[in-house]
Engineer: 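Structure incoming, see below.
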Amino acid sequence: MEKMYQPKKIERKWQEIWDKEKAFAASEDYSKPKYYALVEFPYPSGQGLHVGHPRPYTALDIVARKRRMQGYNVLYPMGWDAFGLPTENYAIKNKIHPKIVTERNVARFKEQLHSLGYSFDWDREINTTDPEYYHWTQWIFLKLFKAGLAYKKEMPINWCTSCKVGLANEEVVNGVCERCGSEVVRKVKSQWMLKITEYAEKLLEGLEEVDYIEKVKVSQKNWIGRSEGAEVSFKLKDKDETLTVYTTRPDTLFGATYMVVSPEHPLIDKYKAEITNWEDIAAYREMAARKSDFERTELAKDKTGVVLGGITAVNPVNGREIPVWISDYVLMSYGTGAIMAVPAHDERDWDFAKKFNLPIIEVVAGGENVQEAAFTDVATGKLVNSEFLNGLEVKEAKKKIIEFLEEKGIGHKKVNYKLRDWVFSRQRYWGEPIPIVKCEKCGYVPIDESELPLMLPEVESYMPTDDGESPIAAMTDWVNTVCPCCGGKAARETDTMPQWAGSSWYFLRYTDPKNKEALASKEALKYWLPVDWYNGGMEHTTLHLLYSRFWHRFLYDEGVVPTKEPYKKRTSHGMILGENGEKMSKSRGNVVNPDDIVNEYGADTLRTYEMFIGAFELSAAWSNEGVRGCRRFLERVWKLQDLITDDDEYSKEMETKMHQTIKKVSGDFENLKFNTAIAAMMSLINDFYKVGKVTKGEFKTLLILLNPVAPHMTEELWEIMNYGKRLYEASWPEYDEAKTVEATVEIAVQINGKTKLTIFIDKDMEKEDVIAKAKEALGDKLTGNIVKEIYVPGRIVNIVAK
RNA sequence: GCCGGCGUGGCGGAAUGGCAGACGCAUCAGACUCAAAAUCUGACGAGGGAAACCUCGUAUGGGUUCAAGUCCCAUCGCCGGCACCA
């Protein structure tokens, strides 16, 4: 045998050779079939690579390497999502410019990724903080602005008390900042917003044409939260005014016994003079305003509210006069900020009605006494107490009432979404400057495209300010400018973009990363899009994934990109937990550093282990014993060198197994079943040891199959074996379906579904012969009258006897 | 509360409705060794039996089927997401 297995030496050697030979560069020959594999580019944090990173990277590296060997022109790129708060915070604390911190972190990450032997096309590396890159992030923003999809709005935003920055709804988790865990309060600020809501329907429709794992689709659908209903206008008594509500159940209109408006509803201020209990109302509003969103939902169960004295609404279908209340269980941000309450059939309305002694009228039959509990199981049922709707099924009643409302001009069909617009401003330094100036005369004016990239100014201090202004605001030289429109005095926008900006389109840039004229050439986009397979974390389902689909769809509508959807297929990996089954963290002391594993066992072992650890989509606990097992497996492959015979063909006894293994591994690599693919290869080498030899032809196939998982070792063995050229240039092996079945198979023989024994049969044996042979083998075990005889070819014989 | 997913040996986990536990880890026994490590060979769901074998077994209770870990209904438990969204 050629020396010991020394991963350290081998791995460095091949990494250098691959670099030198540009082994994995995507070709610009657009006549070849393409394959675009993508993993989420990392945020280069100061901690360096986490042991969780290699899981998705290795998975798609396997797919990329396999596809290359199958003749595809593969694009498997990598880059850096490098803007962001942690870098800025680190910079503040250590008085180092974030740019320097970023450079350092990127260098470290790159080295670590390199040590794992990924087949990334490093010529296409991108970095969101590079002006050449954010030029186009800003360019897209200008497009959005010009299309009316970016607007500035005074609004209560989620304000992180620690980061001192506004957050998108998606970034607030259980009332605390998703990133730092600090309290989030409401603060009114003028913010840049993106109208993602305008794309709600398109984002929903787009899901129909893509191949995403089910739970991602479901999460996105829930997040967009489409509901069908109607808007209905209630006239206010003695006033020339209507109060409009949104309801998904217009059919229950006869059961509406009161209305509720949100404390922020404009109607309240408008009729201040006529409200008889203004002091109570004002006090209630103030109390509601003080609560954070979190508190408001935490205290959910106990309903509070105050009636609007002097205001009475009229139910448009029966003329009944009903009171109007204010309560914070009605949200200004959804629907119209006002509801009609149908306490008989809605839990919340029922609670409220009980507490304030409001009437409850049953309008859908079938439940218990609605005075005792709300009857909410009313997706079907017959209407009662509803005049012209009486006796109708819910579905019919909905149709009829909407017709009625539309005819009378008091209501109409309406679709609503839970999705809110995207808060796009950050009062921070380390982000893309927003390319807008504010002119005293012309308002918000976009800067000219020729001015891009609008460079981030160098500042002395990056400290966030307590008043919520960006640190850039103090840079008067940079801020003061002239209006591109009228030439008058103007000030630059000092807020920056959120981290999600740069990551919303990065996959486009990879197709043509050095282009100075456009974000990428039309040809490159046309050839490479859509991304064939995109893998990333579940935590990005409603953030990054939705945002990038939004931008992409917008760019499609603008004619910039050729596909409606950016990603054809989306999968998600599970987390890697500590040995104790808990999430890895410094405080728990269960962190595994990938560098240590590479040093001790080698990159190939780490790669193999992370793929073998368990089902790819599920989280899995780290096990050092398991790592050793994978190293042992690679050692056993290495030592097969001792058993090699000169034969170029597959041996008779191994032929079937070879074909089976090629089939299994090829299929499993495409179906996220890396663990069973590796198990199949382990089983194959166990068989080689059993028969005591391996032919040159068999070994060659094994090396190719294993190459995507353990690229360094297999490449080294390929060279030792002198198979010619490089392994990465080899062709993926074919299998013959017919040869995946043994000539002689062992099948189970059952009586009434219970296995009694097994017999060997010829694979092509006829049913009658198999059954005859089975009966013979059973002998006197078989008693009673035979009712039925079942033969599943190559699997089982079942004889049903009574 | 709603939505999604999952419950299989000591552990990680395999099983297009067709012999449950592949593959790996741990453990035990044996070989090699002065010895240990490494390596190799074998055993390894539970109960019974000297053995051939037999019985039971995939969270629980029912059902469909010649045949159920897999499909259906109900229950329990765990994980993830959303949540006063009218």
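In this text, all values refer to a predicted model and were calculated from it rather than measured experimentally. Below, chains carry the letters A, B, ... as their sequence lines are ordered, and counting in each starts from 1.
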Engineer: For G4(B) and A52(B), measure between their P atoms and round to the nearest Å.
Structural biologist: 50 Å
Engineer: With sugar-phosphate meaning primed atoms plus P, OP1 and OP2, does Ser333(A) contact a base, only sugar-phosphate, or nothing at under 4.0 Å between heavy atoms?
Structural biologist: nothing
Engineer: With Asn315(A), which of Val232(A), Thr257(A), Leu253(A) fulfils side-chain contact (heavy atoms from CB on, under 4.5 Å)?
Structural biologist: Leu253(A)
Engineer: Under 4.0 Å between a side-chain N or O of Arg632(A) and OP1 or OP2 of C25(B)?
Structural biologist: yes
Engineer: For the P atoms, the ones on C78(B) and on U8(B), what distance do you get once it is rounded to whole angstrom?
Structural biologist: 14 Å
Engineer: Tyr284(A) versus Ile326(A): any side-chain heavy-atom pair under 4.5 Å?
Structural biologist: yes
Engineer: Have a look at Asn416(A) and say if it touches a base, only the backbone sugar-phosphate, or nothing, with a 4.0 Å heavy-atom cut-off.
Structural biologist: nothing
Engineer: Would you kindly give the NZ-to-C1' distance between Lys756(A) and C53(B), to the nearest whole Å?
Structural biologist: 11 Å
Engineer: For a quick check of understanding: with a heavy-atom distance under 4.0 Å over all strands, which category does Ile613(A) fall into, base, sugar-phosphate or nothing?
Structural biologist: sugar-phosphate
Engineer: Kindly state whether the ring of Trp325(A) and the ring of Phe352(A) have centres lying under 6.0 angstrom apart.
Structural biologist: yes
Engineer: Using a heavy-atom cut-off of 4.0 Å across all strands, would you classify Arg631(A) as base, sugar-phosphate, or nothing?
Structural biologist: nothing
Engineer: For Val792(A), report the nucleic acid contact type (base, sugar-phosphate, nothing); a contact means any heavy atom under 4.0 Å.
Structural biologist: base
Engineer: OP1, OP2 of A67(B) versus side-chain N and O of Asn752(A): anything below 4.0 Å?
Structural biologist: no
Engineer: Out of G4(B), C19(B), C25(B), which has the shortest distance to the side chain of Gln750(A)?
Structural biologist: C19(B)
Engineer: Is Ala615(A) touching bases, backbone alone, or none of the nucleic acid, heavy atoms closer than 4.0 Å?
Structural biologist: sugar-phosphate
Engineer: Contact class for Asn675(A) vs. all strands (heavy atom < 4.0 Å): base, sugar-phosphate, or nothing?
Structural biologist: sugar-phosphate
Engineer: Can you check the Asp346(A) CG to A83(B) P distance for me, whole Å?
Structural biologist: 18 Å
Engineer: Quote, to the nearest angstrom, the C1' distance that separates G18(B) from U70(B).
Structural biologist: 11 Å
Engineer: Looking at every strand, decide which applies to Lys673(A) at a 4.0 Å heavy-atom threshold: base, sugar-phosphate, or nothing.
Structural biologist: sugar-phosphate
Engineer: Grab the two heavy atoms, one from Gln660(A) and one from Thr740(A), that are nearest each other, plus how far apart they are.
Structural biologist: NE2-O, 2.9 Å
Engineer: Using modelled atom types only, decide if a donor and an acceptor are shared between the side chain of Arg55(A) and the backbone of Gly574(A) within a distance under 3.5 Å.
Structural biologist: yes
Engineer: What interatomic distance, in whole Å, is found between P of U41(B) and the corresponding atom of C23(B)?
Structural biologist: 13 Å
Engineer: So, is Arg636(A) close to the C40(B) phosphate, meaning a side-chain N or O under 4.0 Å from OP1 or OP2?
Structural biologist: yes
Engineer: Given that Lys754(A) and Ala338(A) both sit by RNA chain B, which one's nearest nucleotide is further toward the 5' end?
Structural biologist: Lys754(A)
Engineer: Pairing check on G7(B): which nucleotide meets the Watson-Crick or G-U wobble criteria with it, both distances under 3.5 Å?
Structural biologist: C76(B)
Engineer: Using the C1' atom as the point on both nucleotides, what is the distance between A67(B) and C19(B), in whole Å?
Structural biologist: 12 Å
Engineer: If the P atom of G57(B) is compared with that of G47(B), how far apart are they to the nearest Å?
Structural biologist: 15 Å
Engineer: For salt bridge (Lys or Arg N to Asp or Glu O under 4.0 Å), just list the numbers for Lys690(A) and Asp687(A), CA-CA rounded to whole Å, side-chain angles, deciding distance to a tenth of an Å, and then say yes or no.
Structural biologist: CA-CA 5 Å; Lys690(A) 247 174 242 160; Asp687(A) 283 5; 3.8 Å; yes
Engineer: NA contact type, Gly335(A), heavy-atom cut-off 4.0 Å: base, sugar-phosphate, or nothing?
Structural biologist: nothing
Engineer: Kindly point out which of G13(B), A67(B), C25(B) is positioned nearest to the side chain of Asn798(A)?
Structural biologist: A67(B)
Engineer: According to the Watson-Crick and G-U wobble definitions, with both distances under 3.5 Å, which nucleotide is paired to G47(B)?
Structural biologist: C54(B)
Engineer: Nearest whole Å is fine: how far is G5(B) P from Phe616(A) CZ?
Structural biologist: 19 Å
Engineer: Which is more 5' along RNA chain B, the nucleotide nearest Glu214(A) or the one nearest Ala748(A)? Just name the residue.
Structural biologist: Glu214(A)
Engineer: Using the P atom as the point on both nucleotides, what is the distance between C66(B) and A51(B), in whole Å?
Structural biologist: 38 Å
Engineer: Give a yes/no answer on whether the side chain of Ser227(A) brings an N or O atom under 4.0 Å of OP1 or OP2 in A86(B).
Structural biologist: yes
Engineer: Under 3.5 Å, side chain of Asn222(A) to main-chain N/O of Gly225(A), donor-acceptor pair present?
Structural biologist: no
Engineer: If I pick the C1' atom on C79(B) and the same atom on U27(B), what distance separates them, to the nearest angstrom?
Structural biologist: 30 Å
Engineer: Is any side-chain N or O of Tyr246(A) closer than 4.0 Å to OP1 or OP2 of A86(B)?
Structural biologist: no
Engineer: Please check the phosphate of C25(B) (OP1 and OP2 only) for any side-chain N or O of Arg628(A) closer than 4.0 Å.
Structural biologist: no
